[in-house]
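Comments concern the structure below.
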Protein chains: 4
Amino acid sequence: MDDLLLKPKHSLIDQSLHSTMGAEPTNGDGFGIGWYGLGETPGVFHSVEPAWNDRNLRNLAAHISSPMVFAHIRASSGSAIQQTNCHPFRHGRWLWMHNGLIGEFHQLKREIVLAVDPSLYPEIEGSTDSEVFFYLALSMGLEDDPPGAVERAVGLIEQIGARHGVDQPMQMTVATTDGTTLWVFRYSSAHQSRSLFYSNNVSALREQHPDAPILQQVSDESRLVVSEPIGDLAGAWTEVPESSYSVIAHGEDHIHTFSPEAEKL
Amino acid sequence: MDDLLLKPKHSLIDQSLHSTMGAEPTNGDGFGIGWYGLGETPGVFHSVEPAWNDRNLRNLAAHISSPMVFAHIRASSGSAIQQTNCHPFRHGRWLWMHNGLIGEFHQLKREIVLAVDPSLYPEIEGSTDSEVFFYLALSMGLEDDPPGAVERAVGLIEQIGARHGVDQPMQMTVATTDGTTLWVFRYSSAHQSRSLFYSNNVSALREQHPDAPILQQVSDESRLVVSEPIGDLAGAWTEVPESSYSVIAHGEDHIHTFSPEAEKL
Amino acid sequence: MDDLLLKPKHSLIDQSLHSTMGAEPTNGDGFGIGWYGLGETPGVFHSVEPAWNDRNLRNLAAHISSPMVFAHIRASSGSAIQQTNCHPFRHGRWLWMHNGLIGEFHQLKREIVLAVDPSLYPEIEGSTDSEVFFYLALSMGLEDDPPGAVERAVGLIEQIGARHGVDQPMQMTVATTDGTTLWVFRYSSAHQSRSLFYSNNVSALREQHPDAPILQQVSDESRLVVSEPIGDLAGAWTEVPESSYSVIAHGEDHIHTFSPEAEKL
Amino acid sequence: MDDLLLKPKHSLIDQSLHSTMGAEPTNGDGFGIGWYGLGETPGVFHSVEPAWNDRNLRNLAAHISSPMVFAHIRASSGSAIQQTNCHPFRHGRWLWMHNGLIGEFHQLKREIVLAVDPSLYPEIEGSTDSEVFFYLALSMGLEDDPPGAVERAVGLIEQIGARHGVDQPMQMTVATTDGTTLWVFRYSSAHQSRSLFYSNNVSALREQHPDAPILQQVSDESRLVVSEPIGDLAGAWTEVPESSYSVIAHGEDHIHTFSPEAEKL
């Protein structure tokens, strides 16, 4: 993993380890990694140090081998720099990362939090919009129907936003996983979302590019999910279109339309 | 302030600066100081390092001179070690410190938070019972009638606790101030509260103990509020009785009965 | 590993994971773990948070499986609370933990540092006596002859101490390993060293105590190195005598006399 | 001070408070402030959080009023992110900040450290080139003859560098003060130093620009020392030329040539 970690500009310290979703330019408001290893639940490591100089991260990266790794580097939009605000967030076997923001979250937070299931409510530890969004999606059934749950969660947030006169309550790229399947979403109320790409099937790429060293280092199942393509390998990347999500598992990936679903009131 | 800071066992690093309220034995889950100085609002410094080795604290202590200083050393009962969980908490000109806990806070938190005024709700940044208790007291009118507001807040917490079958929802010693007057409270649902003392008028003590060096270092208005008396000066300390509060200002102090006030439902 | 981690008083968070060497009473000036896993060099994780509340530690512990784990909880004797001062220290495949101190290190530091091999000198990153002691032992041949190198390092430190009129320059229990063999040392210039114990061969113990749950959880090769015996299992512990060291590898352990070796001058 | 603190791009959080010396572009490897206030020695506050989000910094800034304030934001060139590596460094009444680096410090460090006075050596707490440079300058007489001491320190560093085949051992802008007089230096072995400016006498500027709000907020004695001019006020800034230093005190400032002075060997 050292090559991936040590390249300064497009290194995976900045953007990902195996699978990840970066969005912001370089920033230093903490970071986190999540991975599936020995324990029943995924491991999570959060730090408020800038990732580029964190020695614990370098040590862990050299010692983690996992079929699914999330990495996230945070640019705070105002909430405190603390470990409980660092992505990925975890619930049971699920991990969640969100880039973007809930517009005017200060105003909307109380109503959104009220919609979180009371049994899940006490698990919220931080103060970010992203964590509340995760618990709202869990309350809406994320573990049984991830796309539907996220559509219902976003629908509700937009509904609450509309009641408060907030024009564009949601900007998001989201990645979530149960350790086996990966769901990635791209959506914003303004329909001008940040870009989102994932790498294509590695075995096909390896045939086209037998000499690309990075393709020798990763397994057939590896996927990178990033905000901007890394490197210049032809055919390496699929862009998730505006208002879409993709389901990636077992070497296959499928793109679907994402439609927030407002509650009947 | 150096003598007060450097005595290892009963030093004011462990327990207070000028006015404070310690309760727990030695612990290291962060600390904070609050003081009234140049700014319009009191200054607050929070740290998650153990206070006894914090170099910034030593520097600040040497440079802070204030008629009212709060200091608090935290022993977490489970919530995260982060600056937003460190006391004293601040709202406008008010500071708040709480030792003790809300019983089964995990269960009661959602209902208590719902009782916080929606306009104050977004200011809650941490995850502790103590901060929520502060915002509940503010919602109940702390700034106009501190004793009444705390009585109403505790009454409501006990009512919510009763609904959830929690026997003893409240254990507390609390100190709060607007920078001029200091209110200290001692109460628990079980009527077995932690001890709470404050030092008596310094000018009277100085006449009795002309040679006590500590009395030369502090001004006439200085008061220490502590969980256990420091030193062995006869006549130096007043104990706040069980289920009582005291109002301290302008060299005078008065003790009153504390009676939680349940809401009519 | 959860049972070992969650017992509050004698848990291995406080004292060890698989193999460790505790000495101080509860303290919170940072901690570290080192383990042998996937990488070429051992992994090291250092933190300045109190170990008992560190969430990253809990996550890592649940995901680390290693035949050799060092854990250390630090009580600073004055040097700064920072990751570079946390044990275990690492050089190549070697780990090093030290409890105790070099007497009057402030006075002796410069001369001791001068005796560190110039090629190793730039690797010193922190400000503790323990790290300098490690690099001195490395300079004296730790990688080829650990007991001899530690004897020469301690001999030189005592010699430098004598020149500066320091009566008791060394107090130490030390554990060091290359990942295969474990060396533990107990020595002090005053011949009044802190106690040091290690657990006996697990397979023999398992026969004597078929019902002890902790013995079912650890492998035959597991050893605990601690300052005080944990639990009350008869025959479980061997005490390292004053001025001795033990070599533990491949299920065997041997105790030898430790004699600091002064340089000819 | 709030206007100065809240402007995002050229704010004094990024670059200075009253007097400072910025050099690097935005970076987040810790920061520090130093000021002269109540204590006998200047106060120092160091933090490893990114300055732009540090809440303690905002609190302290609102409560600090001082005739001389140093602020520094660090971009690490490799050494650890820890408080002991944060500028400004302090010795007695002296503060010291350095932007730039000692070339190949890894190789040169041991010899430079050997040249530090043995009585000062134990005060070195961190691992940066900048702190060692400060203690070398102190060893060379900084407190009696600041320009001469810095010239001798730089001369020695260049001499040591030459012995090790290091072409350009020194890049620096330095600010140092005893609380009354401020010395700023600009020099590099390659004679291509980073830029360095200081603001001119405020009372003269105020006459020219009666409407500039920033000039109303600062006292006659205020000076800003920065790597790039802030704002576009004509006549506001003096550039320190290559290989020069300036002495600023009591409303006056004088520029002199800086010539490193090699030791006779």
Side-chain angles (χ1 to χ4, degrees), chain A residues 29-32 44-49 74 76-87 89-91 101-132 134-136 138-139 160-161 163-166 169, chain B residues 29-32 44-49 74 76-87 89-91 101-132 134-136 138-139 160-161 163-166 169:
Chain A
D29 298 336
F31 71 91
V44 172
F45 174 71
H46 290 153
S47 169
V48 294
E49 290 193 30
R74 189 171 171 238
S76 169
S77 48
S79 52
I81 310 305
Q82 55 194 25
Q83 288 184 17
T84 55
N85 283 349
C86 291
H87 309 222
F89 300 102
R90 175 182 61 191
H91 172 77
L101 54 88
I102 297 179
E104 306 297 331
F105 182 58
H106 204 71
Q107 278 180 56
L108 310 186
K109 181 176 182 182
R110 190 171 180 274
E111 272 195 65
I112 299 172
V113 166
L114 282 182
V116 170
D117 191 281
S119 70
L120 292 171
Y121 172 81
E123 289 189 31
I124 299 174
E125 291 199 307
S127 55
T128 62
D129 49 358
S130 301
E131 186 190 20
V132 168
F134 178 35
Y135 280 97
L136 184 64
L138 285 164
S139 303
I160 292 171
R163 277 208 296 275
H164 287 262
V166 177
Chain B
D29 298 336
F31 72 91
V44 172
F45 174 71
H46 290 152
S47 170
V48 295
E49 289 193 31
R74 191 170 170 238
S76 168
S77 49
S79 52
I81 312 304
Q82 55 193 26
Q83 289 184 18
T84 54
N85 283 350
C86 291
H87 309 222
F89 300 103
R90 174 182 61 190
H91 174 77
L101 53 88
I102 296 180
E104 308 295 334
F105 182 58
H106 204 70
Q107 278 180 56
L108 310 186
K109 182 175 181 181
R110 190 170 180 275
E111 272 196 63
I112 298 172
V113 167
L114 283 182
V116 171
D117 191 281
S119 70
L120 292 170
Y121 172 82
E123 288 190 31
I124 299 175
E125 292 199 304
S127 55
T128 64
D129 50 358
S130 300
E131 186 190 20
V132 169
F134 177 36
Y135 281 96
L136 184 64
L138 285 164
S139 302
I160 291 171
R163 277 208 296 277
H164 287 261
V166 177

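Residue numbering restarts at 1 for every chain, and letters A, B, ... go by the order of the sequence lines.
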*Kindly compute the distance separating CD (Gln82(B)) from CG (Asn85(A)), expressed to the nearest 0.5 Å.*
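It comes to 7.0 Å.
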*Going by heavy atoms in the side chains, are Leu114(A) and Arg110(B) under 4.5 Å from each other?*
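Result yes, sub-4.5 Å side-chain heavy-atom pair found.
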*Quick one: which residues of residues 116-126 of chain B reach chain A at under 4.5 angstrom, heavy atoms only?*
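Under the 4.5 Å heavy-atom cut-off, Val116(B), Pro118(B), Tyr121(B), Pro122(B), Ile124(B), Glu125(B) qualify.
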